[in-house]
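Report on the following structure.
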Amino acid sequence: MSDDQPTTSSPAASDQAGSAASRVPDKVSLDGLEDRWNAAWTADRTYSFDRTASRARVYSIDTPPPTVSGSLHVGHVFSFTHTDVDARYRRMSGREVFYPMGWDDNGLPTERRVQNYFGVRCDPSLPYDPDLTPPQVGGDGKSGKAADQLPVSRRNFIELCERLTIEDEREFESLFRYLGLSVDWDHHYQTISAESRAVAQQAFLRNLARGEAYQAEAPGLWDVTFQTAVAQAELEARDYPGAFHRVAFHPASGTAGGDGAAGGAAAPVVIETTRPELIPAVVALVAHPDDERYQHLFGTTVRSPLFGVEVPVLAHPLAEPDKGAGIAMCCTFGDLTDVQWWRELQLPTRSVIGRDGRLVRETPAWLTAEAGASPSAAGLWPQLAGKTTFSARAAVVDALRASGDLDGEPVSTQRKANFYERGDKPLEIVTSRQWYIRNGGRDAGLRDELLARGKELAFHPDFMRVRYENWVGGLNGDWLISRQRFFGVPFPVWYPVDADGEVDHDAPILPTEDQLPVDPSADVPPGYTAEQRGVAGGFVGDPDVMDTWATSSLTPHIAGGWRTDPDLFARVFPMDLRPQGHDIIRTWLFSTVLRAHLEHGSLPWGNAALSGWILDPDRKKMSKSKGNVVTPRGLLEEHGTDAVRYWAASARLGTDAAFEVGQMKIGRRLAIKVLNASKFALSFGGDDGLAIDPALVTEPLDRAMLAGLADVVERSTAAFESYETPRALEATETFFWSFCDDYLELVKDRAYGAGAVELSAATASARAALGLALETLLRLFAPVLPFATEEVWSWWKEGSVHRAPWPTSDGLRAAAGDADPGLLAAAGAALAALRKVKSEAKVSMRTEISRAELVVPADAVAAVTSAESDVRAAGRVTGELSLVAAPEGAETIEVRLADLVPAEPKAPEGPAAG
RNA sequence: GGGCCUGUAGCUCAGCUGGUCAGAGCGCCGCGCUUACACCGCGGAGGUCGCCGGUUCGAAACCGGCCGGGCCCACCA
């Protein structure tokens, strides 16, 4: 479209400096600027990080690594622009910006995509096959049944992941470059890389050595689909349909169950449950200690319906009298409250749900007659064994109905259930051996330390801190970091197998740090041979992998070279900024704070910038599917990158933003205006360009303009410093439009120096002011509009505007003297009043005024007078212009009288239209 | 149930610690090809600042209550 645009000299070869005038194109355009300047920035290494810079001068950013197997959407464009605008501001402010890029290619999304794409699945027990050829390439995964997938070793699987993600990463990089991110592409990382795995393992080993990591066999949340343990941070409460079942428990004979003990059957105890299939797992009935209805039952026992297992009736304050029947069935395990009762009341464990979410096959020991259960219990079990909780529930309900222990019919209800955020079945609670890292969830001292870290961290916006505090304060257990998945960073741990073939989990065999990364399923621990794997007297590798957050919580370490480049790490850590979404405060932000606190006794960064969501125009969170309809690339190409960046940069941190094409159009208009106004201003410079000499600025109007600009510089700088980009942008933008509409109009005749042979002082003043203003405005806009500003900069300056120093108000103030910015406003208002006359007379703005009388508020008379010749020129007042002081209280300038000179009839020119 | 954010012209939003604060842009209406820009310029119309109380000489802004929108925790009997 724009290939035939006259372009400036090749920026990479800008040594062929022509005169300024010759470098300004005849016709300006935004088209093609992205590719041209990206190429130049790459060639010139404009954003490369100078690693010799001292820590004090470095500004380091802990970039969020996007999930590359996910898709690109406008949310990426939005939040990454926020970070880039900040990075550009800091760089211009004299900081050496460490701005790496990372790719999150580790974890479940990649795992699934690779399975479907190549038709494989990971089986860590298999040996590495160096000549592996995947069964397919490019599968869509629609028929991705596990049975059809070729099992491959973990190393092979990781290699396939790397092979696939490298393509995704290329696409992301291309987009991010087109978006103008000032990333130093020499510093990028992958969370799947050997280095990242080594970092994760080393940090874990240190946690272990300090006693911060430990393993425990305990009941925990379990996803039956993925068959893995799940951490608190990965939970999502969702509505889930269920039904209350009223179920009768009968007082056990021989106990003093109620008043009827002497006579016939005592009254049954009726509980309500949504999970009758857990009746075989019941270990107690629990009511509140103060609940009068159940006082007489505490200390007695009852028998479960159908199975006849004798369980105690106990008191615990967590039981809520107004929930259900007020007395609850405690099972192992229906929910986290059950776990707490089980632990605190020291109840036995009777698990009936297996890791696949189905009821166990073998008849549980406590349901046999020998164990005291009713004789029919064992016969009932085969009807439940192997069933999903859903089918088992139906079977149990039928049996309850038949036995008469179901009181009334089930009443359906909508309840909340915990789900794994990626799962579609409610979580079960299963007992398993897992790794944990202490996070303050069961340690008030550590929790207080972490809360103190939260106070130390500068959140932008500040109110986001409460989310951190809510989360830390609400932790109910340590961080479960092990996952029963195959793909991920393995625990760098082996266990000895004793002579009887038993695995000794208490004496783990650990690698040294210089051996990392290790894969215990493939590598052999020191002192053993490969043949000893899995045999008595030998060893086994820990089969689990780490939670992805266990790796992601170390992004500062991965990006900063913690393991391999201590010199770099010392220059960038603790980092300055963590940009991220507010939805992952509880995961990414918190876990990173935790790891840094444990490893370094410090925060990982000083500032956290939280971006909001993109909302559809109808105010709903923009769904991925909708986001994909508008591809980021298409958006950038349609409107131009600067335009889209303008939209993103207009949104405050922490606040959701509407997806507004209108804002992008405004941004595009602004960027074009920057090009045009700059071209115009530079046209006054002649062959030597605009002289930048503050001493030449002598005219009151010029000084007033610069005084106003100095204010803008100060406001913009303050806003950027406090991460309030929109405020900075707005200040500059507002000034810029009045600069174009009023100041440029007022001074253009003077700046032309029309007719004069000698350069007058007034003309020189205008030109010097234009030069000062232009070079200031371009730098103020540069963080948001990197392409348009760089384009203009190249017309008359050497080097990149993005390496130019951020403007200060000092020089402007020196040129402005004690001028009042209000003078420009008053002159602009006078000009507007003259325009209004012409507008109302429906004549061209070019129409001359032979006589005019302006009514000016008393306090503005002096101002307008001092700019009178400019006002006359811009308003085309050829005759008398008189100023009249307005009555007290008047605030606007009005034209009392104006004589318009009718335009000459236009000479026909060229072929007549139509 | 606890907490946070938010409600200003048709739309998207500014209005910082109470006193030119009733604003900007878009959209709309009208005019205009002006030696930068028609991807433009100029002018205009548009709002009892969610509602009700209170504090104050004065509140869109502060306090209380209510209503609406969004989000985060907690909630599986």
Side-chain angles (χ1 to χ4, degrees), chain A residues 24 27-31 237 240 242 244-245 247 271-275 285-287 319-320 323-331 334-338 413 415-418 426-427 429 461 463-471 473-474 476 582-583 585-586 612-613 615 617 619-621 640 643 647 650-652 654-663 665-666 668-683 715 718-719 722 724 726-727 730 733-734 737 740-741 744-745 748-749 752 754 831-832 834-847 874 876 891:
Chain A
V24 181
K27 181 83 180 166
V28 301
S29 170
L30 291 177
D31 297 329
Y240 192 68
F244 289 120
H245 303 74
V247 176
I271 58 102
E272 282 191 18
T273 180
T274 55
R275 304 205 52 186
L285 299 189
V286 182
E320 295 179 39
K323 246 183 184 177
I327 185 163
M329 163 176 98
C330 173
C331 306
D335 62 31
L336 292 171
T337 312
D338 284 347
T413 177
R415 63 194 186 113
K416 290 281 190 185
N418 279 327
L427 294 171
I429 292 172
F463 64 76
M464 287 293 178
R465 178 180 290 103
V466 298
R467 299 204 183 182
Y468 173 89
E469 290 174 345
N470 282 349
W471 179 252
N476 56 28
H582 57 61
D583 53 327
I585 288 174
R586 65 179 185 170
W613 294 110
L615 303 178
R619 305 264 76 185
K620 293 273 173 16
K621 182 183 165 187
W647 160 71
S650 299
R652 281 179 297 165
T655 305
D656 296 340
F659 177 75
E660 264 288 317
V661 169
Q663 285 299 113
K665 295 193 166 146
I666 295 165
R668 182 176 178 85
R669 200 174 65 129
L670 174 64
I672 292 172
K673 193 76 172 180
V674 166
L675 297 180
N676 277 314
S678 299
K679 177 188 155 195
F680 185 46
L682 289 171
S683 72
R715 274 188 287 142
S722 54
E724 294 179 288
R727 196 187 285 276
E730 198 208 354
E733 186 186 7
T734 301
W737 281 107
C740 291
D741 294 342
L744 277 179
E745 291 298 325
K748 63 184 183 186
D749 278 22
Y752 274 124
L831 176 58
L834 293 171
R835 285 168 177 159
K836 185 172 177 178
V837 169
K838 298 180 190 178
S839 193
E840 284 172 350
K842 299 186 192 299
V843 296
S844 159
M845 288 298 139
R846 203 174 42 173
T847 306
R876 297 190 178 264
E891 290 175 4

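Chain naming here is simple, since letters A, B, ... match the order of the sequence lines and numbering starts at 1 in each.
Distance noted for atom C1' between B:G65 and B:A24: 33 Å (whole Å). Taking the C1' atom of each, B:C66 and B:G7 are spaced 14 Å apart, rounded to whole Å. The separation of B:G27 from B:G18, taken at their C1' atoms, amounts to 33 Å, rounded to a whole angstrom. Taking atom C1' on both B:G64 and B:C28, the two are 41 Å apart, rounded to the nearest angstrom. Rounded to a whole angstrom, the distance from the P atom of B:A60 to that of B:C51 is 11 Å. A gap of 36 Å separates the C1' atoms of B:U55 and B:C11, to the nearest Å. Using C1' as the reference atom, B:A9 and B:C29 are 16 Å apart when rounded to the nearest Å. Taking the P atoms as reference points, B:G50 lies 16 Å from B:A22, given to the whole Å.
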Strictly under 3.5 Å: I want the nitrogen or oxygen pairs between protein and nucleotides 75-77 of chain B, one per line.
residue	atom	partner	partner atom	Å
B:C75	O3'	A:Lys323	NZ	3.2
B:C76	O2'	A:Arg415	NH1	2.4
B:C76	O2	A:Arg415	NH1	2.8
B:A77	OP1	A:Thr274	OG1	3.1
B:A77	O3'	A:Glu272	O	3.2
B:A77	O2'	A:Glu272	O	2.5
B:A77	N6	A:Leu318	O	3.3
B:A77	N6	A:Glu320	N	3.4
B:A77	N1	A:Glu320	N	3.0

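Spacing between atom CG of A:Asp583 and atom P of B:C5 amounts to 19 Å, rounded to whole angstrom units. Rounded to whole angstrom, the span from the CG atom of A:Leu744 across to the C1' atom of B:C40 amounts to 14 Å. As rounded to whole Å, 12 Å separates atom C1' of B:A74 from atom CZ of A:Arg586. Straight-line distance from the NZ atom of A:Lys838 to the P atom of B:C33: 13 Å, rounded to whole Å. If you take CH2 of A:Trp471 and P of B:C72, they are 12 Å apart, rounded to a whole angstrom. Rounded to an integer number of Å, the gap from A:Lys679 NZ to B:C39 P is 14 Å. In this structure, A:Leu670 atom CG and B:G25 atom C1' are separated by 11 Å, rounded to whole Å.
Counting heavy atoms from C-beta outward, A:Met845 and A:Glu745 have side chains that stay 4.5 Å or more apart. A 4.5 Å side-chain heavy-atom check between A:Ile666 and A:Glu733 finds at least one atom pair inside the cut-off.
Look at B:G46: its glycosidic torsion is within 90° of 0, and that puts it in the syn range.
Closest to the side chain of A:Met845, out of B:A36, B:G41, B:C42, is B:C42. Comparing B:C72, B:U12, B:A14 by their closest approach to the side chain of A:Arg467 singles out B:C72. Minimum atom distance to the side chain of A:Ser839 is reached by B:G30, of the listed B:G30, B:U12, B:U35. Residue A:Glu660 places its side chain closer to B:C11 than to any other of B:A14, B:C11, B:G2. Of the candidates B:U35, B:U12, B:C37, the closest approach to any side-chain atom of A:Lys673 belongs to B:C37. The side chain of A:Arg669 approaches B:C26 more closely than any other nucleotide in the set B:C4, B:C39, B:C26. The listed nucleotides are B:C37, B:G43, B:C16; the one nearest the side chain of A:Lys836 is B:G43. When distances are taken from the side chain of A:Asp741 to each of B:G3, B:G41, B:C26, the shortest belongs to B:G41. Here the side chain of A:Arg668 is nearest to one of B:C39, B:A14, B:A36, namely B:C39. Of the candidate nucleotides B:C13, B:C4, B:C39, B:C13 has the atom lying nearest to any side-chain atom of A:Ala658.
Position along RNA chain B of the nearest nucleotide to A:Ser650 versus A:Leu831 favours A:Ser650 as the more 5'-ward residue. Position along RNA chain B of the nearest nucleotide to A:Leu30 versus A:Glu840 favours A:Leu30 as the more 5'-ward residue.
Minimum interatomic distance between A:Phe463 and A:Gly654 (heavy atoms only, all atoms of both residues): CZ-O, 4.3 Å. Taking both residues in full, the closest heavy atoms of A:Asp31 and A:Arg668 are given as OD1-NH2, 3.7 Å, listed atom of the first, atom of the second, then distance. When every heavy atom of A:Cys330 is checked against every heavy atom of A:Asp338, the shortest pair comes out as CA-OD1, 3.7 Å. Taking both residues in full, the closest heavy atoms of A:Trp647 and A:Ala658 are given as NE1-O, 3.0 Å, listed atom of the first, atom of the second, then distance.
For A:Glu733 against B:A14, a side-chain-to-base donor-acceptor contact under 3.5 Å is absent.
Across all strands, A:Cys740 comes closer than 4.0 Å to base atoms (heavy-atom distances). Residue A:Arg715 is classed as having no contact, given no heavy-atom separation below 4.0 Å to the nucleic acid.
Using a distance-only test at 3.5 Å, with no hydrogens or angles considered, no donor-acceptor pair links the side chain of A:Trp613 to the main chain of A:His582. Side chain of A:Lys838 to main chain of A:Thr847: a donor-acceptor pair is present (N/O by atom type, distance under 3.5 Å, no hydrogens or angles). Looking at A:Ser683, its side chain does come within 3.5 Å of a backbone N or O of A:Phe680 through a donor-acceptor pair. With A:Asn676 contributing its side chain and A:Lys673 its backbone, the two residues share no donor-acceptor pair below 3.5 Å.
Base pairing of B:A77: no nucleotide in any strand meets the Watson-Crick or G-U wobble criterion (both distances under 3.5 Å). When Watson-Crick and G-U wobble pairs are counted only if both distances are under 3.5 Å, B:G10 pairs with B:C26. Across all strands shown, the partner of B:C40 is B:G32, judged by Watson-Crick or G-U wobble contacts whose two distances both fall under 3.5 Å. Across all strands shown, the partner of B:G64 is B:C52, judged by Watson-Crick or G-U wobble contacts whose two distances both fall under 3.5 Å.
Residue A:Tyr752 has a polar side-chain atom (N or O) positioned under 4.0 Å from OP1 or OP2 of B:A36.
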